[in-house]
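Please read all numbers here as calculations on a predicted model, not as lab measurements.
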Amino acid sequence: MTRRYRTMWMSPPPVILMDVKIGYARCSTKAQDLAGQVAWLGKLGVEQSRIYTDHGYTGRNRKRPSLARALEVARAGDEFVVTKLDRLGRSARDLHEIVDGLVSHGVALNIDGRVYDPTDPMGKMFIGFLAIMAEFSVIWTRRDAHLPDLGVAA
């Protein structure tokens with residue numbers, strides 16, 4: 001009886017919730033391989049079970065099922081990890097919406113192992129610059145796709 005009384009009043013060990021790293025990888029076409037991104041996310045400390053992938057979805061397509069799931073499971077204190085910012089999107093507007101959503105939920109953005117604070121002026125400038133470059137890359141690629149092949153290396 002005494003033993004039961006003691007265990008009843010003893011508090012259980014405290015549960016320490018560790019911040020979780022949630023990874024996201026994306027490839028635009030079915031022919032591309034996600035293995036490199038997934039391996040790199042693992043090296044950045046993301047558990048395999050917490051890596052969400054979209055295969056065959058462009059960065060300009062906001063309807064990416066795994067991105068939506070990854071954003072849903074992210075909680076305050078977590079880190080949302082990508083290998084490059086353009087894996088989240090290729091439109092500056094979309095990237096800003098996604099990053100603002102992460103910030104509003106208290107989720108940190110980790111790009112290739114570095115955590116950026118978009119509420120800090122330098123972090124905001126850096127993420128804005130990367131977003132513009134991601135969008136520019138799409139525009140430039142489309143432009144090049146419409147040029148005739150002159151047989152000259154650029």
Side-chain angles (χ1 to χ4, degrees), residues 7-8 10-146 154:
T7 53
M8 203 168 83
M10 288 177 64
S11 59
V15 176
I16 300 170
L17 297 175
M18 308 232 356
D19 297 336
V20 174
K21 289 186 176 185
I22 298 165
Y24 177 71
R26 176 190 60 78
C27 282
S28 300
T29 68
K30 296 279 186 192
Q32 293 173 322
D33 189 9
L34 286 165
Q37 288 181 61
V38 170
W40 192 249
L41 288 169
K43 288 181 182 178
L44 293 173
V46 182
E47 293 178 23
Q48 188 72 29
S49 64
R50 297 201 181 267
I51 296 175
Y52 296 82
T53 61
D54 279 318
H55 203 162
Y57 289 89
T58 68
R60 295 185 65 87
N61 180 356
R62 275 302 298 269
K63 295 181 180 179
R64 292 174 269 158
S66 290
L67 175 60
R69 272 185 300 229
L71 293 171
E72 282 176 16
V73 301
R75 301 286 180 250
D78 290 350
E79 280 184 24
F80 197 90
V81 186
V82 290
T83 56
K84 297 188 318 185
L85 187 63
D86 69 356
R87 298 299 85 202
L88 277 182
R90 292 288 195 140
S91 156
R93 179 183 298 160
D94 288 347
L95 284 167
H96 283 294
E97 286 177 10
I98 292 168
V99 171
D100 289 346
L102 291 171
V103 169
S104 71
H105 287 92
V107 178
L109 176 61
N110 180 326
I111 305 168
D112 194 30
R114 294 170 195 87
V115 177
Y116 294 96
D117 180 5
T119 62
D120 172 74
M122 289 301 287
K124 187 172 191 157
M125 181 197 68
F126 186 71
I127 290 171
F129 178 75
L130 290 177
I132 289 169
M133 292 306 295
E135 187 166 332
F136 175 75
S137 173
V138 170
I139 295 166
W140 193 260
T141 302
R142 287 182 181 167
R143 178 187 162 272
D144 284 351
H146 293 96

Backbone of [Y] reached by a side-chain donor or acceptor of [X] within 3.5 Å:
| X | Y | result |
| --- | --- | --- |
| His55 | Gln32 | yes |
| Gln37 | Leu34 | no |
| Lys21 | Leu44 | yes |
| Asp94 | Ser91 | no |
| Asp54 | Leu67 | yes |

What distance do [X] atom [atom1] and [Y] atom [atom2] have between them, rounded to the nearest 0.5 Å?
| X | Y | atom1 | atom2 | value |
| --- | --- | --- | --- | --- |
| Arg50 | Leu41 | CZ | CG | 14.0 Å |
| Ile22 | Arg69 | CD1 | CZ | 13.0 Å |
| Phe80 | Ile98 | CZ | CD1 | 7.5 Å |
| Leu109 | Leu102 | CG | CG | 6.0 Å |

On a heavy-atom basis, which atom in [X] and which in [Y] lie closest, and how many Å separate them?
| X | Y | answer |
| --- | --- | --- |
| His96 | Ala131 | NE2-CB, 4.2 Å |
| Pro65 | Lys63 | CD-O, 3.7 Å |
| Val99 | Pro118 | CG1-CG, 3.5 Å |
| Thr83 | Ile111 | O-CG2, 4.3 Å |
| Asp33 | Cys27 | O-SG, 3.5 Å |

Checking [X] now: which residues fulfil side chain to side chain contact (heavy atoms under 4.5 Å, CB included) with it, not counting sequence neighbours?
| X | result |
| --- | --- |
| Glu72 | none |
| His105 | Val107 |
| Lys84 | Asp86, Arg87 |
| Pro121 | none |

- Message: If we count only N and O atoms by modelled type, under 3.5 Å, do the side chains of Arg64 and Ser66 hold a donor and an acceptor together?
- Response: no

- For Glu79, side-chain hydrogen bond (donor to acceptor under 3.5 Å, both in side chains) partners two or more places apart: Asn110

- Considering residues at least two apart in sequence or located in another chain, which fulfil the side-chain hydrogen bond (donor to acceptor under 3.5 Å, both in side chains) criterion with Arg93? none

Within-4.5 Å side-chain heavy-atom neighbours: [X] and [Y]:
| X | Y | answer |
| --- | --- | --- |
| Tyr24 | Leu88 | yes |
| Leu85 | Leu95 | yes |
| Val20 | Glu47 | no |

- Query: Any salt bridge (Lys or Arg N to Asp or Glu O under 4.0 Å) pairs touching residues 96-117, not counting sequence neighbours?
  - Reply: Arg62-Glu97, Asp112-Arg114

- Task: For Tyr52, check ring pair (Phe, Tyr, Trp, His ring centres under 6.0 Å) against everything at least two apart and list the hits.
- Result: none

